[in-house]
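Down below is the structure, laid out as structure tokens.
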There are 2 protein chains.
Amino acid sequence: MGRPSPLGNRVRELREERGMTQAELGEAIGVTRQTVAAIEQNRYSPSLESAFRIARLFERGVEDVFYWSGS
Amino acid sequence: MGRPSPLGNRVRELREERGMTQAELGEAIGVTRQTVAAIEQNRYSPSLESAFRIARLFERGVEDVFYWSGS
DNA sequence: CGCCCATGTCAAAAATAATTAACATGGGTT
DNA sequence: AACCCATGTTAATTATTTTTGACATGGGCG
């Protein structure tokens, strides 16, 4: 299972606000829909590059999309 | 060589401002000094978790430490 | 009901990040 | 010169992320 992630994110919320599917979001930032699903469910910490791509797509700051939620 | 990273960072500058060595920074955030050196030289995109740890140590936002510099 | 579509999930493999253990270099100091 | 110390760098390995391909579920709609 891997240790719990200290990060949380609002990717799903922001994606749904825009009426996008996981597949569309993945396509837009260059990852697969499975990767988007894993990120939304916080199954692992994405690369900083993926995080920037998502934030830029949503026109938000990285820290508006991803946040520290524990040590 | 790997494709050029679209990210840049100010880790070295912020580390030096605080008079820390690469080894000390690595110890503080839980990675090795080689990893710190690689991040400073932008040899790869760190995990989002490492990026948050660095930013929090420096009491800065993630985007104040790391920035998008290309496509 | 039957058919899409979006999502969840899984296993195996590929790609990339990070570790470990070396050795090299240059600066400063004695 | 000899000695530290911080940094650079590399090869080999381990850990983690991401991909690929597959199959399952539930909702909406004909």
Side-chain angles (χ1 to χ4, degrees), chain A residues 1-58 60-71, chain B residues 1-58 60-71:
Chain A
M1 294 215 12
R3 77 173 180 348
S5 166
L7 296 176
N9 72 75
R10 302 204 296 135
V11 173
R12 178 161 217 157
E13 170 188 355
L14 293 163
R15 172 177 63 78
E16 288 178 341
E17 273 177 19
R18 286 159 181 75
M20 297 182 77
T21 67
Q22 291 179 339
E24 286 167 347
L25 172 53
E27 164 107 24
I29 66 167
V31 300
T32 64
R33 69 170 189 85
Q34 289 91 332
T35 297
V36 172
I39 291 171
E40 287 186 356
Q41 293 168 98
N42 222 39
R43 297 230 309 274
Y44 48 61
S45 178
S47 66
L48 183 58
E49 187 175 328
S50 290
F52 262 95
R53 288 192 195 277
I54 292 170
R56 286 169 54 83
L57 180 68
F58 290 156
R60 305 302 277 264
V62 169
E63 283 163 313
D64 202 16
V65 181
F66 298 90
Y67 50 85
W68 193 260
S69 68
S71 167
Chain B
M1 294 208 21
R3 73 167 183 355
S5 166
L7 297 175
N9 72 77
R10 302 202 297 135
V11 173
R12 178 161 215 156
E13 170 189 355
L14 293 163
R15 172 177 62 80
E16 288 178 340
E17 273 176 21
R18 286 157 182 76
M20 298 181 79
T21 66
Q22 292 179 338
E24 287 165 347
L25 172 53
E27 164 107 23
I29 65 166
V31 299
T32 65
R33 69 172 191 83
Q34 290 92 331
T35 296
V36 172
I39 291 171
E40 287 186 355
Q41 293 167 98
N42 222 41
R43 298 228 307 274
Y44 49 62
S45 179
S47 66
L48 183 57
E49 185 174 328
S50 290
F52 262 94
R53 288 191 194 279
I54 292 170
R56 284 169 56 84
L57 180 69
F58 290 157
R60 298 297 194 109
V62 169
E63 283 164 314
D64 201 16
V65 181
F66 297 90
Y67 50 85
W68 192 260
S69 69
S71 164

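Every value quoted in this text rests on a predicted model; they were computed, and no experiment measured them. Note on naming: letters A, B, ... go to the chains in the order of the sequence lines (proteins, then strands), and numbering restarts at 1 for each one. Computation of the quantities below employed the complete heavy-atom set of this structure, encompassing side-chain atoms and omitting hydrogens, waters and symmetry-equivalent molecules.
For D:dT7, one of the phosphate oxygens OP1 or OP2 lies less than 4.0 angstrom from a side-chain nitrogen or oxygen of B:R15. The side chain of B:T32 contributes no N or O atom lying less than 4.0 Å from OP1 or OP2 of C:dA18. Here B:S47 reaches the OP1 or OP2 of C:dA18: one of its side-chain N or O atoms lies under 4.0 Å away.
Across the protein-nucleic acid pair, B:R53 atom CZ and C:dA18 atom C1' stand 14 Å apart, rounded to whole Å. Atom P of nucleotide D:dA6 and atom CG of B:L25 are separated by 14 Å, given to the nearest angstrom. Rounding to whole angstrom units, CZ of residue B:R43 and C1' of D:dA11 are separated by 12 Å. Distance A:N42 CG to C:dG8 C1': 16 Å, rounded to the nearest Å. For A:E27 and C:dC5, the CD to P distance is 16 Å, given to the nearest whole Å. Put simply, OH on B:Y44 is 14 Å from P on D:dT17, counting in whole angstrom units. Between A:I39 atom CD1 and C:dG8 atom C1' the separation is 15 Å, expressed in whole Å.
Residue A:E13 places its CD atom among more than 12 non-hydrogen atoms of other residues, nucleotides or ligands, all under 6.0 Å distant. The 12-atom threshold is not exceeded at CD of A:E27, counting heavy atoms of other residues, nucleotides or ligands nearer than 6.0 Å.
Take the nearest nucleotide of DNA chain D for B:E24 and for B:E49: the residue whose nucleotide is more 5' is B:E24. Checking B:M20 against A:S50, the closest nucleotide of DNA chain D that is more toward the 5' end is the one next to B:M20.
Checking D:dT7, C:dT7, D:dT19 against every side-chain atom of B:Q22, the shortest atom distance belongs to D:dT7. Listed nucleotides D:dT19, C:dT7, D:dT18 differ in distance to A:R12; the shortest reach to its side chain belongs to C:dT7. Which of C:dA18, D:dT7, C:dT9 sits closest to the side chain of A:R33 comes down to C:dT9. The side chain of B:Q41 has D:dT9 as its nearest neighbour among D:dT20, D:dT9, D:dT17. With D:dT20, D:dT18, D:dT7 as the choices, the nucleotide that has an atom nearest any side-chain atom of A:Q34 turns out to be D:dT20.
Nucleic acid contact class of B:G26 (heavy atoms, under 4.0 Å, all strands): none. Within 4.0 Å (heavy atoms only), A:T21 reaches sugar-phosphate atoms of the nucleic acid but no base atom.
Taken from CD in B:Q41 to CG in B:N9, the straight-line distance is 10.5 Å, to the nearest 0.5 Å. Going from atom CZ of A:R53 over to atom CG of A:L25 covers 12.5 Å, rounded to the nearest 0.5 Å.
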Could you walk me through whether A:L57 and A:M20 satisfy the side chain to side chain contact (heavy atoms under 4.5 Å, CB included) test, starting with their C-alpha distance in whole Å, then the side-chain angles of each, then the deciding distance to 0.1 Å, before giving a yes or no? CA-CA 12 Å; A:L57 180 68; A:M20 297 182 77; 4.3 Å; yes
